[in-house]
Each structure stands twice: as C-alpha cells, then as structure tokens.
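Written out below as structure tokens is the structure these notes cover.
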Amino acid sequence: MAPHFIFPRNLRALEQDSSEDNNLTVQNSINISSLSSSQLEEFVKGISFDLSDREILCVQDQDVFDRVYSLVCGYSTLPHSCKLNLVESLRSNLAVLLPNVDSLSRVSNDDDDEHVLVIDRVASYRNAFKVYSYFLLNIVLAEDSSNNAPKVVAASNRKKQPVHSWNWEPQRARILNLIASSLEINLELLFGSSDPDEGYLSFITKNAFSMFENAALLKDSNSKDALCRIIGACSTKYHYTAQSSVSIMHLIHKYDFVVIHMADAVAGAEKKYSDGSLATSIVREIGRTNPKDYVKDTVGAENVGRFLVELAERIPKLISTNIGILVPHFGGESYKIRNALVAVLGKLVSKAFKDIDGEVSTKNIRLRTKQAMLEILLERCRDVSAYTRSRVLQVWGELCEEHSLSIGLWTEVAEVAAGRLEDKSAIVRKSALNLLIMMLQHNPFGPQLRVASFEATLDQYKKKLKELEPSEGSDNENTNGDGEVDNLNFEAVEKVQQESVTDTFMSQEEDAIPMQNGSDSSVPDVGNLEQTRALVASLEAGLRFSKCIEATMPTLVQLMASSSATDVENTILLLMRCKQFQIDGSEECLRKMLPLAFSQDKSIFEAVENAFGTIYIRKNPTETAKNLLSLATDSNIGDLAALEFIVGTLVSKGDISSSTISALWDFFCFNVGGTTAEQSRGALSILCMVEKTSTGVLGSHLQDIIDIGFGRWSKLDPLLARTACLAIERLSEDDKTKLLANNSVRIFGILESLITGFWLPAKIWYAAADKAITAVYAIHPTPETIAADMIKKSLSSVFKDCGGSDIDTSSSMPITVQAAKLSRCLFVITHIAMNQLVYIESCARKIQKQKLAKEKKDIENQCTDSNGTASTGTQKDNDINAELGFAASEDAALDAMFEKAEKEIVSGGSNEKNLVGICAPFLSKLCRNFGLLQKYPELQASAMLALCRLMIIDADFCDANLQLLFTVAENAHSEIVRSNCTIALGDLAVRFPNLLEPWTEKMYARLQDRSVSVRKNAVLVLSHLILNDMMKVKGYINEMAVRLEDEDERISNLAKLFFLELSKKGNNPIYNLLPDILSKLSQQNLSNESFCNIMQFLIASIKKDRQMEALVEKLCNRFSGVTDVRQWEHISYCLSQLSFTEKGMKKLIDLFKTYEHALSEDSVMDNFKNILSKAKKFAKLELKTYLEEFEDKLNKFHMEKKEQEITARNAQIHQQKIDSRGSFNVDKNSEDHSKSNTSSDEADGEVIDTCTEETITLSINGKSKSKPVPEASSTALSELIESEEMENEVQSPMVKIRGVQRSRIKKSNVKVEKGDISITKKRALRSKR
C-alpha cells in the first residue's frame, strides 16, 4: 500500500522527510533548470508516457511522483509544448479516474480477503485523486501568476517575439471544470464519509477563493462558472459553510469586481442543491455586523449592498425569509447600506411574491410580509439622507414599470412623489419627477386622465352599482379600510381599460375611449355585482390619482424656474407626459416653458426645443400651422418673444418646412374653411417671426397683407391691423422697394388714417399706432415729411372743435378739448419724436458704415495698385491728412451735426421752434396741473408718458422736468401712472446717468410704494440698472434687501434673483455691502423673523472662505460701537450664519474682547452656541481643544454678566425701598416740642442712613461689635441680612460703595460716636408705639 498523501502547506513542503508518518513525500527532486531543452523534452515525454501507458494510480509511485513534482516546481520555465503535454497527461488521468470511483461500489463484500483488497484499492484511488487535484491546481496557480507578472521586453526585440499556439484559457477552464465535476460525484466512496477530509476541502476552497481575486480570470466565463461550482459544492454539499461565508465576506469587502460573481456562486449553490444555507449564513453574517462598522468602511458598505441586491435579484424567496435580519440596519448611519436594503425590498416585492398559491395561512403571511415591505418603502421616502430618498423613489419607479404596484397604492405613492418635488435636494427632485413620469406611462387607469371624464363615468357606474346592490347597507368587500382596491378582483377592472399606453402623442380624437365619455348615458356592462364594485373602486382610485397629478402643476411651474438644469429638463418631460394623458392644466403649464428658450444653459434650451417640436410640430403641415397660430394668439408679449426665438431656430434647422409656411398663408388668407379673424392674425404673427430668419417670406403676399390686414377683417379683430403694420415693418429691402413702387400712396394713406383716425378702439389704437408709426419710418424714404403732416392732422383733430385748425399761441383764451383726443394727440407727437431720434441714429450708423467701407476700399486699392509712385503719393497724402487731423475733424463735424439734429427734435438751438417744440411747454404745464389731471386719470397717464418720451430725447428738457417726474412718481393717485414713471426713470438713467445720479435715493424710494405693481417695476428697473453697471450700488441697497421679505411672492422672488445675479459679478459685491445692509436693517422696523430670513439669504450667497473670515472680523468689531441689545442679537445671528473655517474660528476666539459685554443676553449666547456646534463638526483635535476652552470662557462670562445684572437690579430695588421709608412723616403728637421734633426728624433721616450704611460697613469688615441699633431700623437691617444670606446679592454693590457714600458713612459714624442718646431713645419710643 502506498504512503498517504497529505496536503502540504506549500509545494516545497513536499520535500520534507516524513517517512516516520508514512506520508507520500518527494525523495529525489530533479532540478529542471539544469536540463537542456532536448533533455527536458525527453523528460516530459517520459512522464507523459508513464502516466498514459501505466495504470492511472501510478502517480503515487515514488519515481513518477518525484518527476511530476519536479516538473510542477519548474513549471514556469517549461516551454509551451512541454506544459501542454504535462497538463493534458494529468488532466486526462484525473478524468479517467473519476468514473472508476463509482465502480468501487459494485465490488462484492462477501469475501473478507477481497474486502481488504477493496479497502486498499480505495485508499490508492483516494491518494491518486488527491495528488492529481493537488498538482493540477498548482499548475493553474503557477500559470496565472506568471501571466499576471509584469513583463519587461526590450524595444529591439518587441516585434521579434515568436507566436506560439499555446492558449492557456481553455486549458484552465477544462482543469477547473474537471475539479468541479470531481466535487459533484459521490466522494463518500473515497473518503468513507459524506464530507471529505478537512485538508482537501481547505486546499480546494482556499485556492478557489484566491483565484476570485484575479479579475482577468473572472472575465473567462467558463473558468468563472467552474469556480462558482467549486464554491457551491464545497460550501453546500460538503457543509463547508462557515469558512466559505467568512471568505466570501472578506472578498466582497476587499474587491468590488467579485460582487456579481459571488452572488452567482451563492445563488447557483442554492438552486443546484436546493439548500440556502450558504446564502442564509452570509445574510446573517451581514445582519450581525455592527452598523457603525459600515460608516468607517464605505467601500465595503457599498460592495455589501450591491451583493445583497444581486442576491435578491437571483434568489428573492430565500432572501425574503431572512429579510428580518437586515431590517435593523435601516437605523444605521451608513446611507449606502440603507440604499441597498431599499433596493432589496424592491426586488423582493416584485419577484418574491409572484406565486401566492398554497394554503390560506401561508398566503396571508406572505401578503402581510409584502405589505410590511411596502410600508417600509413608504417610510424611507422621508429618510434623513437625500441619497436614500432618491433611491426609494427609483425603486417605486421600478415597481411601477414591472406592474408590481397594487392599484390601491397608486395614489398614495403619487402623493409621496408629489411631496418630494419640493425636496431640498436636486437628486431627490429628479427621482420624484422620473417616478411621476413612470407612473403616468404605466398607469392602470387608461390613456385619458381628465378629472371631468372620470367623475362622469364614476357617477354612472355608482348608479349602476346601486341598482345591482341588494341592500344599501351592504359592505364593500373589495376595498379595505383605506379605500384601497384588492388585487384579487383586478381582472374586472382590466375589462374597461386599454391594453397598453403608447409613448407617442396622440390627438384627442384618437385618445377618446367609450368608458370616459361622460355624455353617453349608457355604460358598458362589466359583469356581476363584485366586478362592478371593483370597477367603481378602480375609478375612484383613478380619480384620486388624476387629481393628485393635477395638484402638482403649480409646483412644476416653480421647478421650471429652478437653478438646476436637471429639474427643468425632467419637469418639461413630465409636463409633456401630462399633456399626453390630458391632465388638466398641463397645456397652460407647458406654455410657461417658452421663456426658457432664452436660458444660457444649452441643455435647457435643447429640452425646450425638443419639447416644442414634439408637441406642436406634426407631419401634417396644416396641423402644425394650426398649433403654431393658436400659440401666437394666446401668448403674452414675453411668450411671443420666446416663441419668435424658437420659431427662428426651427426654421433654420428646417423643422418648419415650406409646406407649413404655405399652410400658414392659407390660414391668413382664409383659404381654410372655418378660419376666424383671430386665427388669421396668429398666422400672420408666425409668418412675421419666420421672416426674421428666412427673408422674403412676406414679399410673396404683399397685396394680401394690405387687403386683409387693413380691410374689413381688421374691424372684427382690431389687432390684425397692428400685426399687418409689424409685417410691413419687417419687409426686406427688396420687398420694401417693391411695395413703394406699386402701392406707396395707398399704404401711406392707410397708415396715416390709422394713426390720425378714430376707427380703431381706444385700447387697440395705441398698440396699432405704435407699429404704424414705426412702419412709416421703416419704409418711407423721407419719413419726417409725412410725420409732420400726421402731427398737424392730429393737432387739427383736437382743436377743430374750437373753431379753427391752427393753434394760436399768442391767445390767452381758454380752449376746451376732448381728453381722449388730446391723449391720442400727445401719443402721436411724442412717439413720432422718439422714432425721429431712432431714425437720426440709424442714419448716423449708415454714414459711419459707408465711411468705413470707403476707407477699407481705399486701402485695398492701394495694395493692388501696381504703380509704386502713385501708391507712395497716396500714402503720403493720407499721412499728411492724419497729421493735420482732417479725419478727426471730419468725425467731429459729423457728431456735431447728429447732435444738433437730435437737439432740434424738441427745442432746437434757434429761436424758431419746431412742431414738437411747440407742444413741449404745453405738455409740461399740463402735467403740472394736478387738479385737472386727477379728474382725468387716463389723460394723466398719457400726458406723463408723453412727457417722459420728450425727456428721454432732450437733456435740457429732462433736467427742467425731473423734479416734476419724481413728484408724480411719488404722489400720483393712480398706480398705473406711478408704475409708468418708475419704468421711465430707468430709461432716463440709461440715457442721462449724470442727471439722474443726484436722485438715486428717490429712485430707491419707489421700492417702498404701497402698490405691488410699482414695487415690482421698481425692483425690475433697479435690477436692470445695477446688474448692467448703469447705476452704482450705493448706500440704499438695504431697501432692495427688504424686498426679499415682500408680502408679494413675485417681488420676493425677483429680489432673490437680483442678489443671486449680483453675487456672480466680480468679487461678489454683496460681501462689501453686507455690513452696511446689516446696520441699516437693524435701524428699520423689521420683525426679527424677517431680518433673520434676509440676512440668511444674503450670507448664503458668499462662498469664498477668505471673505467669510474677513466678515468675522468686521462683524465682531461692530459689537464695540453698539449698545443696543437688538443690534447685538442681529450681529450675533449674522455670525452664526457664516460658514466657519479653522482660521475663521480662531479669529473669532481672538476677538473675544470685542463682544464679551454682549454675552449677558441669552439670545446672543444662543447664537454663539450655534457657532460652536457647527465648528465641532469639522474641527480637528487641536481646534477642538481651543473650542472647549472657548466654550468654558463663554459660559463663565455669561454667568458673570447675568449675576452682575441681577445684583444691580436688586440693589436698585433695595435703594428704592430705603428711599420710600425715609419719606415717612413723624408722629403728629410732637407739636409741643416743634423745635426738638424738627431736629429729631432731621436726625431721623440721618440715623436711617447711618444704621443702614453702618450695617453694610460691618458686613464688609466682618466685625460684630457695634452700637445698639434703633428698633426703627430693624426692618431694613433684617432685609439686608436676609438678602445677604439667601441671595448673596448685596456684596457686589457693597464692594462698589466708594466716594460719596463712603463720606456719608464716615459722617454717620461720627454722629453715632458722639453719643446722641436722645435721638436713639425717641426712635425707640416711636417704634414701640
């Protein structure tokens, strides 16, 4: 019998002599490296021949064993052919050995001698099995280690490496699969028990787990599967569970790439052997781990969490039975573990409870378990970590996608998601938006979610249910106490629902379903009473869900203004989905996304563009045109500007095709049946937008624009005339020329009649006249001539009722005019003046452009001139002109000419006044007539607007009327007038900044106006001026800060936006403004809550540590010059809102002297405690020591200051008591001895002080001897002694008694020592009486 093979600690340990133990060891090791290549090949061939030709048990023969050992030891030095021969020989022998193991069980046990032979043969097989397994696994380890070792190859030989046919990966996979197969046979015949010996299992599992550390090996699926089989067999079949679970946990904590493979191994073992002991052991090991350990080991926590999720994916039922072990980790601090557990619960809910067949009790238990898991998921939506809250919402989305959410929970989950839309974390809001999108896409209620449709259908089925119910008091068996629907009767609900919900946007006609047609009186029959009840419950749940989604619309509008791009993008996606399902209010919310087209964030603009294209652009050009024109008719001015920008982008990309433009012309020309005047106007508006990007679009229908825009249709829709004026203004230069050539007289006559006529309503006329005047200046070659005629006609229409058409300026007779006509006249005059100014500036730009073009052309001609002499001469002329300053003088002459032209609009430099100049003094006087204008508020609004226009044109006129403008802006009764004046002030500040600079305080005063509209416009105007550097931020910025707490939410949001943008400028001006704002706000009558909110917002905008540290010093120094307790509280609160660094904290400690006097206030002390609590979170060991000392110092000073205050207060109260006693009158019976009584009374006053102060002196000096104290002063003395003993509050004032009181004590002592006994006796008698 061959010696036993014992697994050594390592390969070299086989060379140790163990003959005494009768173990198989190496006796004659051969050094392979000493052999030549030919000798080595012959040596390997000999081994291969022996292993293949002799019996498979020959490997335990000493000679064969020694030679195989020698080759395995030097395996890394063998050539590839020798490696292949050796590996194949060992592997094939082991493969042959395995089937022979089963033949051992068929040997007869009748003969005892034969039985002994069988035992010996089994021992030989066991030895050979061990040897083959041992050598093969060592070869695998050696080959992998050599492959993973870094190889240094010379650069010259890099391309000369021979290509070998040796491919190791298939060989390794075959070896590992053979080892795995050997573990899966009945090894009980070899080892005599169900479990192999400890050494074999330890060797196999140890090396298998070490191979899991090789990431390259795990990429080979065959090798990885074989390793998983090995781990599963050893751990489960051979009960090596405890050791394996420890190794698995070690690998999971250390390497993240083994997580999935370990989960495969554990799940494979459970499925193959129907034994979940390994998985249970690992789960229990994780459950027993202290949750605090996962806080320190973040990588391990993440890997363990991933492993649990993978296990729940593969073996959900087993994990569901052990989930209770993991639930306590929800209370741990590691959010990664909580995230994983949330994902595990989601996997279990969707996969572990699919088959609920079996006994009723088991089924109820599983349903209760599922309900408990769902409740935990709902509870985790309020987790302290934003990552966990986000993960929970993602899990709910996965459950919705897999249809694992009961219809009863649908609304509850939607409400939770709607609440998370207002979460402070962006990732949570993103997950909530995605969840709502998923819930809409997979909702079980149908493709239409209109509330009205649900209510109508629900009422019908409720009536049907009442008809079917036998009695009114019957219980609803299909709903639980919370109104949730039992899933058991869900089949009845599905009968009235669509099969699926598509992702495309369908028209409302295609979306309509009979179930939700409220106008149909008959309803489909869904079956018996139970099915009808289930349907009613489903409709109620759908109605709640629809109302829940509808209620989120205001929040979604706010999210579209979020600073986070992901919020905006996902909100737009959700609104698109809401529109698809026809949620009430989604259409209006989607229109509010249009201004986002101006966002500087490219992703937001792309989201808006894609949403716009998806919703409004159709394959059918007519539908696209109809969608676009409906947008144009219903949008406000801001939305129209955004729409124009988007339309321009789509036109440039080709998304709005020529067929769509033709369809728009059809709508404008009323070629489409049923077209209204409003739709025609909308089509023309879109065409004007297209013209801006694609010129020439309007030129093809010039005659239609004139005929329809100013024809009879403009009577039905007066805004059509305004849109036609806009179209004429936007014509290209060629189209303008064509229009003037063919219809110049007609078009100018139409425009003039529109401006000076009265055929348009008053509200529409102003907007139409505005565009008409602009159109005149855009297309007329000499617009000032026709403008003068229009002014004269307008003036004539005002004054013709007075008996003449001309204005007699010399006459002083009063003239009566109509207020409406005068308002229109003032508008025409001043608007023409404004357009004249713009026209002059455009002419100046044209001349400058022509001049530059001419200079550029001259330079090019000089460069291309072949005559050198001429070029030199021209260059000399240019140089001479430049030296003499001819070019500069020419520019100066042009500037002077343009300046004179601008000045002549209103006043002119000469004595002769022009048309506008005649009206300017009249307008100024009219605006000063407050009594008249109060009777006509519309005239006042028009007059002030006209005055502001003229002020913008002329600086002298502006300076003369600036005080009037501010007076009206402050005192006008109409908020419209005050708003207009506020807006005009902004324009004036841009035009004449030097004139407006002294009035800065008055401009900020508009922020305090009683009207919301005026305050809003003031915020907008000042924001525009400050952010564009047109106005310096002066000492009145605190008024803007107060608007942060404005009662109107829009004003508050605008103020927040202003300070947010201001903080992005330069070095953050808010840092320099903050101390001044703090000082001004402390002096204003603000509530404490408002002050705190304002300062919290402003301080949060300061991000730099350097600025924070400087603010610490600035704020601390403010304590020294302040005595007001309220300001102490404000300064300390601002300090508590700073983000302290270590340097800032040390600076605060060093400046203790500046604020120690303020520590007596509890509120101040609370703020400093908040600072300390924040600092302790980031403090290192050294800083923590400083903080503890600082905290002790704060508490000590706080208590001392409080004691001093209490002592001073008690002393003051005591002094008041003494003064009140000294004022008592003497006894009335002493009239006979008036003289002595008078002296006694005087002495009395002194004695009271004497006794009191003498007692104080004695208590200080600690002496007990004194003269007898009169009884009259016993009460005061007893009070003093009591206060000294009980409260210890007298000593502080005692110590401070110096100066005057000390002299009084001395005087009283002298009096007592003189022995004035008579006074003492009299006082004693009085006290007895």
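What you see is a predicted model; the values in this text were computed from it and never measured.
- Distance check, rounded to the nearest 0.5 Å: CD1 of I604 to CE of M560 gives 11.5 Å.
- A pairwise comparison of heavy atoms in W665 and V697 identifies CZ2-O, 3.3 Å as the closest pair.
- One finds no salt bridge joining R978 and E970 here, because no Lys/Arg side-chain nitrogen approaches an Asp/Glu carboxylate oxygen to under 4.0 Å.
- Side chains of L995 and L988 form no contact here, defined as non-hydrogen atoms less than 4.5 Å apart.
- Under a 3.5 Å cut-off, the side chain of D735 and the backbone N or O of L731 do not form any donor-acceptor pair.
- Atom NZ of K771 sits about 12.0 Å away from atom CG of L719, to the nearest 0.5 Å.
- The environment of K715 atom NZ is dense: over 12 non-hydrogen atoms of other residues, nucleotides or ligands sit within 6.0 angstrom.
- For the residue pair E784/Y777, the side-chain donor-acceptor check at 3.5 Å is not satisfied.
- In terms of modelled atom types and a separation under 3.5 Å, the side chain of T737 and the main chain of E733 share a donor-acceptor contact.
- Closest of all the heavy-atom pairs between G682 and T633 is CA-CG2, 3.6 Å.
- A heavy-atom distance below 4.5 Å is found between the side chains of L1054 and K1016.
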**OP:** Given side chain to side chain contact (heavy atoms under 4.5 Å, CB included), test L926 with L932 step by step and report yes or no.
**Re:** CA-CA 8 Å; L926 177 65; L932 173 65; 4.0 Å; yes
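- The distance from atom CD1 of I747 to atom CG of L740, rounded to the nearest 0.5 Å, is 9.5 Å.
- The shortest side-chain heavy-atom distance between L1007 and R1015 does not fall under the 4.5 Å cut-off.
- No more than 12 heavy atoms of other residues, nucleotides or ligands shown are found within 6.0 angstrom of CD on E899.
- Side-chain contact between L985 and L965: present, with at least one pair of heavy atoms (C-beta onward) separated by less than 4.5 Å.
- D734 meets the side chain to side chain contact (heavy atoms under 4.5 Å, CB included) test with S732; sequence neighbours excluded.
- Checked by atom type and distance alone, the side chain of N961 never pairs as donor or acceptor with a backbone atom of L964 at under 3.5 Å.
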Identify each donor-acceptor pair in which a side-chain atom of residues 824-833 lies under 3.5 Å from a protein atom, sequence neighbours left out, and give them as a table.
| residue | atom | partner | partner atom | Å |
| --- | --- | --- | --- | --- |
| R824 | NH1 | G757 | O | 3.3 |
| R824 | NH2 | L760 | O | 3.3 |
| T830 | OG1 | L826 | O | 2.7 |
| T830 | OG1 | F827 | O | 3.3 |
| T830 | OG1 | R949 | NH1 | 3.0 |
| H831 | NE2 | D770 | OD1 | 2.6 |
| H831 | NE2 | N835 | ND2 | 3.4 |

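- The one candidate from I572, I646, T649 that meets the side-chain contact (heavy atoms from CB on, under 4.5 Å) condition with F612 is I646.
- In this structure, the separation between CG on L684 and CG on L720 is 6.5 Å, given to the nearest 0.5 Å.
- Taking S823 as the reference, Y766, L939, S942 meet the side chain to side chain contact (heavy atoms under 4.5 Å, CB included) condition, with sequence neighbours excluded.
- A side-chain donor-acceptor contact under 3.5 Å links S680 to the backbone of F668.
- The 12-atom threshold is not exceeded at CD of Q963, counting heavy atoms of other residues, nucleotides or ligands nearer than 6.0 Å.
- Between F645 and F605, a ring centre-to-centre spacing shorter than 6.0 Å is recorded.
- Between E938 and K763 there is no salt bridge, since no side-chain nitrogen of the basic residue lies less than 4.0 Å from a carboxylate oxygen of the acidic one.
- Judged by distance alone, the side chains of N1017 and T982 never bring a donor and an acceptor atom under 3.5 Å apart.
- D639 has no carboxylate O lying under 4.0 Å from a charged side-chain N of K592, or vice versa, which leaves the two without a salt bridge.
- Side-chain contact between I661 and I686: absent, with no pair of heavy atoms (C-beta onward) separated by less than 4.5 Å.
- Taking all atoms of both residues into account, the shortest heavy-atom contact from A989 to L1025 is CB-CD1, 3.8 Å.
- The CZ atom of F667 sits 9.5 Å away from atom OG of S630, with the distance rounded to the nearest 0.5 Å.
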Original post:
Yes or no on side chain to side chain contact (heavy atoms under 4.5 Å, CB included) for T785 and H780, after CA distance, side-chain angles and deciding distance?
Top reply: CA-CA 9 Å; T785 57; H780 202 284; 3.9 Å; yes
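- Closest approach of L795 to C919, counting heavy atoms only: CD2-SG, 4.3 Å.
- Within the model, atoms OG of S794 and CG of L822 stand 9.0 Å from one another, a figure rounded to the nearest 0.5 Å.
- Panel note: side chain R1006, backbone A1018; no donor-acceptor pair is recorded below 3.5 Å.
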Subject >> Verdict with supporting geometry, R591 and D634, salt bridge (charged side-chain N to carboxylate O under 4.0 Å, His left out) >> reply: CA-CA 10 Å; R591 296 209 172 179; D634 297 337; 3.4 Å; yes
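- Side chain of W765 to backbone of L754: a donor-acceptor contact under 3.5 angstrom is found.
- Between Q940 and A972, the shortest heavy-atom distance links the atoms NE2-CB, 4.2 Å.
- At a threshold of 4.5 Å between non-hydrogen side-chain atoms, the residues Q818 and V798 do not count as touching.
- Side chain of E752 to main chain of G749: no donor-acceptor pair is present (N/O by atom type, distance under 3.5 Å, no hydrogens or angles).
- A salt bridge links R681 to D717: at least one charged side-chain nitrogen sits closer than 4.0 Å to a carboxylate oxygen.
- No donor-acceptor pair closer than 3.5 Å links the side chain of T660 to the backbone N or O of I656.
- Residues S1013 and S1011 have side chains that never bring a donor and an acceptor to within less than 3.5 angstrom of each other.
- Of the listed residues (L628, L664, L629), just one forms a side-chain contact (heavy atoms from CB on, under 4.5 Å) with L687, and that residue is L664.
- The main-chain N or O of Y616 is found under 3.5 Å from a side-chain atom of N627 such that the two form a donor-acceptor pair.
- In this structure, R746 pairs ionically with D707, as a charged nitrogen and a carboxylate oxygen lie closer than 4.0 Å.
- Minimum interatomic distance between V647 and M689 (heavy atoms only, all atoms of both residues): CG1-CB, 4.1 Å.
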Subject >> CA sep, side-chain torsions, deciding dist, call: L933, M944, side chain to side chain contact (heavy atoms under 4.5 Å, CB included) >> reply: CA-CA 10 Å; L933 293 182; M944 287 307 302; 5.6 Å; no
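- Although no hydrogens or angles enter the test, the distance criterion places no donor-acceptor pair under 3.5 Å between the side chain of R712 and the main chain of I708.
- Here the side chains of S714 and W759 are in contact, with some heavy-atom distance below 4.5 Å.
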Subject >> Verdict with reasoning, E1061 to L1057, per side chain to side chain contact (heavy atoms under 4.5 Å, CB included) >> reply: CA-CA 6 Å; E1061 294 298 325; L1057 181 62; 4.1 Å; yes
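- Taking the side chain as every heavy atom from C-beta outward, L837 and E841 approach each other to under 4.5 Å.
- Dense packing is recorded around CZ of R928, with more than 12 heavy atoms of other residues, nucleotides or ligands lying under 6.0 Å away.
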